[in-house]
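Residues: numbered from 1 along the sequence shown. Everything numeric here is computed off the predicted structure, so don't read it as measured data. Whatever order the structure lists ligands and atoms in, that order sets their numbers, starting from 1. Values reported hereafter were calculated over all heavy atoms of this structure, with side chains retained and with hydrogens, waters and symmetry mates removed.
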Amino acid sequence: LTRLRQGLEKTRQGLVTQLLDNLGDDPLTPEVVDGLETTLLRADVGVEATDRALGALRQRLNQEVVDPAEGLRFLKEQLRAILDQPIEASGQPLLAPRREQLNVWLLVGVNGVGKTTTLGKLANLAVRSGYSCLIAAADTFRAAAVQQVQVWGERSKVPVISNPSANADPAAVVYDAIGAAQAKGTELVLVDTAGRLQTKHNLMEELSKVRRIVDKLAPEAVVESLLVLDASQGQNGLRQAMAFAKAAGLTGVVLTKLDGSARGGVALAVASEAGLPIRFIGAGEGIRDLRPFNSFEFVEALLA
Ligand code: GDP
């Protein structure tokens, strides 16, 4: 939690200081709520989530006197509800592989968002949690990607399935990986899918194709399609999420680079506007700098 707090320092500095300045010592007024609105929008919380959270607060103000402490508590509650809604809809409070079953997690994301790093961190988390895991290096378009994935695999002693031939077909890598997992009874296969393709259309096609192969080879598998988003890209990331969510059957989001970003509020926009559960958050470059998402922790770190 401390790490997360440190990670969210920049968002918080902007947000909390301003929020608390806004709140002042006197009971909340409509003008104070207008100030909160500007602050939330500036932290990339997005129009929809901001309206939802503050709409509820405005309604309360119409009926009763609300002191600043209660205002802050109420605001946190509203923000948590926004983050929790897609998580509750998924029926899975915490995303974890099912034990003694084949789980396949596909990672997708445009270049540079931290997809490969996230894959390495997830493999490490899986091993620390006692899962058998392997990585499919199916981002075969980028020369360095396979090598980079291999380094992450070695760090956690997780086998990496790859195809050394140039321009290898990602489908062939996934085929090999699923085969190996089924033979060994592996519980979690992490698939690095291509993120280099420039247009979103191609990226989505790539993901759909990999998804079809997995469904065909391993109909028994529990499949997750996770979009990796760079929090520091703020609302741009949200647009990516919206585009991908519709076309690629995404089931969740990993939000990276929350450290050093003043736009951590984008988590709320993703949950509210794309309707996707945030599943993990990355706040650092180290192997352990990834944690399962928890709305309570997140909001406390954001508005500590
Ligand atoms: P990819 O192109 O999406 O696979 O991105 P990479 O995994 O190669 O990461 C791109 C850069 O972002 C690297 O320098 C990573 O160390 C860095 N990075 C990834 N995740 C995080 C994070 O949570 N915090 C910070 N500060 N840097 C990160």
(request) Determine, using heavy atoms of Asp289 and all atoms of ligand 1, whether some pair is separated by less than 4.0 Å. (result) no
(message) Heavy atom to atom 21 (C) of ligand 1, shortest distance: which of Gly284, Gly282, Ser232 holds it?
(response) Gly284
(request) Pull out every atom of ligand 1 sitting under 4.0 Å from any heavy atom of Lys121, numbered as shown with elements. (result) 23 (O)
(request) Give the residue, atom name and distance (to 0.1 Å) of the protein heavy atom nearest atom 3 (O) of ligand 1. (result) Lys115 N, 2.8 Å
(message) Geometry only, no angles: is Glu285 polar-contacting ligand 1 at N/O separations under 3.5 Å?
(response) yes
(request) Flag Leu258 as yes when one of its N or O atoms lies below 3.5 Å from any N or O atom of ligand 1, and as no otherwise. (result) no
(message) Just to confirm my output: which protein heavy-atom neighbour is closest to atom 8 (O) of ligand 1, and how far is it?
(response) Gln148 NE2, 3.0 Å
(request) Would you mind checking which non-hydrogen protein atom is closest to atom 18 (N) of ligand 1, with the distance to 0.1 Å? (result) Lys257 CE, 3.8 Å
(request) Check Leu106, Leu226, Val108 against Leu250 for a side chain to side chain contact (heavy atoms under 4.5 Å, CB included) and give me the one that passes. (result) Val108
(message) Under a 3.5 Å threshold, yes or no: a donor from one side chain and an acceptor from the other, between Asn62 and Arg58?
(response) no
(request) Return yes if a side-chain donor-acceptor contact under 3.5 Å exists between Arg155 and Gln150, otherwise no. (result) no
(message) Give me the atom names and distance for the closest heavy-atom approach of Ala137 to Val149.
(response) CB-CG1, 4.2 Å
(request) Can you see which heavy atom on Gln235 is nearest to which on Ala269, and at what distance? (result) NE2-CB, 4.0 Å
(request) Give a yes or no on whether Phe280 atom CZ has more than 12 heavy-atom contacts from other residues, nucleotides or ligands under 6.0 Å away. (result) yes
(request) Heavy-atom distances under 4.0 Å are what count here, so tell me which part of Ala283 touches ligand 1: side chain, backbone, both or neither. (result) backbone
(message) If we count only N and O atoms by modelled type, under 3.5 Å, do the side chains of Glu224 and Thr251 hold a donor and an acceptor together?
(response) yes
(message) I need the minimum non-hydrogen distance between Glu300 and Lys76, along with the two atoms involved.
(response) OE1-NZ, 3.2 Å
(request) Just need the protein heavy atom nearest to atom 5 (O) of ligand 1, so name the residue and atom and give the distance. (result) Gly114 N, 3.1 Å
(request) Check whether any N or O atom of Thr117, backbone or side chain, sits under 3.5 Å from an N or O atom of ligand 1, and answer yes or no. (result) yes
(request) Provide, to 0.1 Å, the distance between atom 10 (C) of ligand 1 and the closest protein heavy atom, together with that atom's residue and name. (result) Gly112 O, 3.8 Å
(request) Report yes or no: do Arg211 and Thr193 form a side-chain donor-acceptor pair below 3.5 Å? (result) no
(request) Could you establish whether Gly109 and ligand 1 come within less than 4.0 Å of each other, counting only heavy atoms on the residue side? (result) no
(request) Compare Asp139, Asp259, Thr116 and give the one whose heavy atom is closest to atom 24 (N) of ligand 1. (result) Asp259
